[in-house]
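Scroll down for the structure; my scribbles are underneath it.
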Amino acid sequence: MKGPVIFCIIMLLVGTHLFAQPVLSTGGKQMPAEWIDSATGHLVKRLSNVNGNYASFYFHNNPFLPAAKGKGWLMVFYGNDQYNGDGRGRQLHVLNLQTGKAEQLTFSAAPKFGEIIAVKRREAFFQSADSVFAVNIDTKKLRLVYVFPASFKGSITTINADETMLAGALSSDEEKAILKQYPGKGEFFNRIYEAKLERVLFSIDIDKGTLQEIYREHAWLNHVQFSPTDPQLLMYCHEGPWHKVDRIWTINLKTGTKKLMHERTMPMEIAGHEWFAADGQKIWYDLQQPRGETFFVAAANVYSNGHEKYRIQRNEWSVHFNNNKKQNLFAGDGGNPGQVAKAPDGQWIYAFRPSGDSMQASKLVSMKHHQYRFEPNVHISPDEQWVIFRANFEGKEQVYAASVAVSKERN
């Protein structure tokens with residue numbers, strides 16, 4: 001009996017030393033590079049440099065592309081030691097999700113905006129002042145794509161499926177003046193909506209370097225996204241208080257046909273924070289019927305009048321949702337008690353799986369020490385093993401990954 005006992009003790013000691021991550025409460029202090037969240041049993045990894053401030057992409061902007069050599073995936077993200085949230089000093093970086101190696105892609109001190117990855121071109125597009133640039137993700141070669149004329153200071157936000165066009169929106173000088181005078185979201189949001197200022201949707205031909213106006217309206221046109229499969233289909237929203245707008249629209253660039261994707265069925269019903277499914281067949285969104293009372297993750301079929309919705313509980317409502325390519329795994333970033341759901345226990349990173357007419361939720365990471373002014377913006381990794389998000393629960397803005405599966409150390 002002594003032999004097996006000694007062997008078990010040795011394996012326990014060696015295994016603890018070499019393999020096991022510490023089991024810790026997440027946040028409120030500096031965390032190690034990896035740990036197991038004591039509230040959930042899921043492994044959490046910091047993907048960014050602990051000494052800087054970093055931000056993964058907004059939830060509906062794809063940050064992933066295959067690695068050029070060998071297997072694996074790359075993820076592009078923003079930030080550096082000097083990044084302070086205004087675009088100044090921040091740089092694009094690329095991370096190999098398999099090796100953990102990160103490299104800086106851009107180096108100029110000029111403010112940079114735009115989260116646009118061209119997978120086939122292997123370029124990241126961004127904007128600095130009136131100029132649009134592309135940087136090659138493998139060679140770091142930078143090229144100038146387009147310079148906006150003085151009379152048309154637009155902002156790019158998306159690239160189409162065949163990577164021939166960028167698109168975005170032009171805001172008026174009056175709108176920019178409101179933002180300058182009232183920089184806080186709580187100050188400018190209703191003011192811009194009520195002003196009913198004109199916005200213009202536009203496209204840029206990447207190879208020809210030409211600008212084309214798509215559509216203009218006296219409304220706050222926002223969240224401009226190309227379909228991931230149809231190069232001529234563009235989604236946009238009417239921004240503003242969700243209960244006051246018909247929010248989610250598509251427009252066909254060839255025909256000019258516009259389509260409202262979700263029609264309100266009751267007073268105070270809201271739908272928003274929309275994103276395309278990877279196959280381009282559906283648009284998913286946060287649905288509340290009515291606002292702040294009953295919660296769903298819903299979808300509208302792009303090419304028919306079909307709709308579907310899956311019930312979630314109040315505490316499971318999230319600022320943003322996302323899903324995988326198969327649309328059988330979803331993620332959410334939770335929310336604090338002051339947000340629309342008024343959730344008493346909603347500060348979690350979630351994984352969801354559709355089951356019947358509802359979503360079955362799993363808590364991945366406690367976000368009780370996270371300040372939600374910095375939105376977590378969840379993404380599901382291409383191998384579907386991780387939910388990637390950004391957070392400030394260590395006191396700085398960092399990028400993290402949480403395992404979808406419960407850690408073996410807790411099984």
Heavy-atom pair of closest approach, residues [X] and [Y]:
| X | Y | value |
| --- | --- | --- |
| Ser403 | Leu364 | O-CD2, 3.7 Å |
| Asn160 | Pro231 | ND2-O, 3.3 Å |
| Asn328 | Pro354 | O-CD, 3.5 Å |
| Arg314 | Ala343 | O-CB, 3.6 Å |
| Ala351 | Leu329 | CB-CD1, 4.4 Å |
| Leu105 | Lys140 | CD2-CG, 4.1 Å |

Angle class for the [X]/[Y] ring planes (parallel below 30°, perpendicular above 60°, tilted otherwise)?
| X | Y | result |
| --- | --- | --- |
| Phe148 | Tyr146 | perpendicular |
| His370 | Tyr372 | perpendicular |
| His273 | His223 | tilted |
| Tyr400 | Phe393 | tilted |

With Trp284 as partner, the option from Phe352, Phe330, Phe276 fulfilling ring-ring contact (aromatic ring centres under 6.0 Å, His included) is Phe330
So does [Y] get a backbone contact from the side chain of [X], meaning a donor-acceptor N/O pair under 3.5 Å?
| X | Y | value |
| --- | --- | --- |
| Thr157 | Val224 | yes |
| His42 | Ala405 | yes |
| Trp386 | Asp383 | no |
| His60 | Asn322 | no |
| Asp333 | Glu375 | no |
| Gln104 | Thr106 | yes |
| Arg199 | Glu217 | no |
| Arg90 | Tyr78 | no |
| Asp345 | Asn315 | no |
| Asn136 | Lys141 | no |

In terms of side-chain heavy atoms, does [X] have a donor or acceptor partner in [Y] at a distance below 3.5 Å?
| X | Y | answer |
| --- | --- | --- |
| His262 | Glu274 | no |
| Thr257 | Asn252 | no |
| His320 | Asn377 | yes |

Determine, for [X] against [Y], whether the closest basic-nitrogen to carboxylate-oxygen distance falls under 4.0 angstrom.
| X | Y | answer |
| --- | --- | --- |
| Arg247 | Glu239 | yes |
| Lys254 | Asp230 | no |
| Arg264 | Glu269 | no |

Point-to-point distance, once rounded to the nearest 0.5 Å, from [atom1] of [X] to [atom2] of [Y]:
| X | Y | atom1 | atom2 | value |
| --- | --- | --- | --- | --- |
| Lys282 | Ser304 | NZ | OG | 9.5 Å |
| Trp249 | His238 | CH2 | NE2 | 6.0 Å |
| Glu293 | Phe295 | CD | CZ | 8.0 Å |
| Glu163 | Phe226 | CD | CZ | 12.0 Å |
| Gln398 | Ser56 | CD | OG | 11.0 Å |
| Leu166 | Ile206 | CG | CD1 | 4.0 Å |

Counting neighbours of [atom1] on [X] that are heavy atoms of other residues, nucleotides or ligands and sit closer than 6.0 Å, is the number greater than 12?
| X | atom1 | value |
| --- | --- | --- |
| Lys208 | NZ | no |
| Lys259 | NZ | yes |
| Lys29 | NZ | yes |
| Glu308 | CD | yes |
| Gln212 | CD | no |

Between Trp348 and Thr40, is the side chain to side chain contact (heavy atoms under 4.5 Å, CB included) condition met? List the steps. CA-CA 10 Å; Trp348 303 89; Thr40 69; 3.7 Å; yes
Could you list the donor-acceptor pairs under 3.5 angstrom formed between side-chain atoms of residues 183-193 and any protein atom two or more places apart in sequence or on another chain?
unit_1 : atom_1 : unit_2 : atom_2 : d
Glu187 : OE1    : Gly184 : N      : 3.1
Arg191 : NH1    : Glu187 : O      : 2.7

Please check if the distance between the ring centroids of Phe152 and Phe202 is under 6.0 Å. yes
Audit row: Lys325, Ile380, side chain to side chain contact (heavy atoms under 4.5 Å, CB included) steps and yes/no: CA-CA 9 Å; Lys325 287 187 175 182; Ile380 296 174; over 6 Å; no
Would you mind reporting whether [Y] and [X] have side-chain heavy atoms less than 4.5 Å apart?
| X | Y | result |
| --- | --- | --- |
| Ser171 | Lys176 | yes |
| Ser155 | Phe113 | no |
| Ile116 | Thr158 | no |
| Trp220 | Val245 | no |
| Leu97 | Ile388 | yes |
| Ser108 | Ser128 | no |
| Tyr54 | Leu47 | no |
| Ser362 | Arg353 | no |

Set of salt bridge (Lys or Arg N to Asp or Glu O under 4.0 Å) partners for Glu384, sequence neighbours left out: none
Please name all residues satisfying salt bridge (Lys or Arg N to Asp or Glu O under 4.0 Å) with Glu174, sequence neighbours left out, ordered by chain then number. none
Assess whether side chain to side chain contact (heavy atoms under 4.5 Å, CB included) is satisfied between Lys309 and Gln289, documenting all intermediate values. CA-CA 11 Å; Lys309 62 182 181 181; Gln289 295 178 309; 2.7 Å; yes
With salt bridge (Lys or Arg N to Asp or Glu O under 4.0 Å) as the criterion, how do Asp207 and Arg121 come out once you've worked through the C-alpha distance, each side chain's angles and the decisive distance to 0.1 Å? CA-CA 12 Å; Asp207 293 326; Arg121 291 177 179 264; 3.1 Å; yes
As a quick check of understanding, evaluate salt bridge (Lys or Arg N to Asp or Glu O under 4.0 Å) for Asp130 and Lys153, giving each step before the final call. CA-CA 6 Å; Asp130 61 357; Lys153 299 295 187 184; 3.5 Å; yes
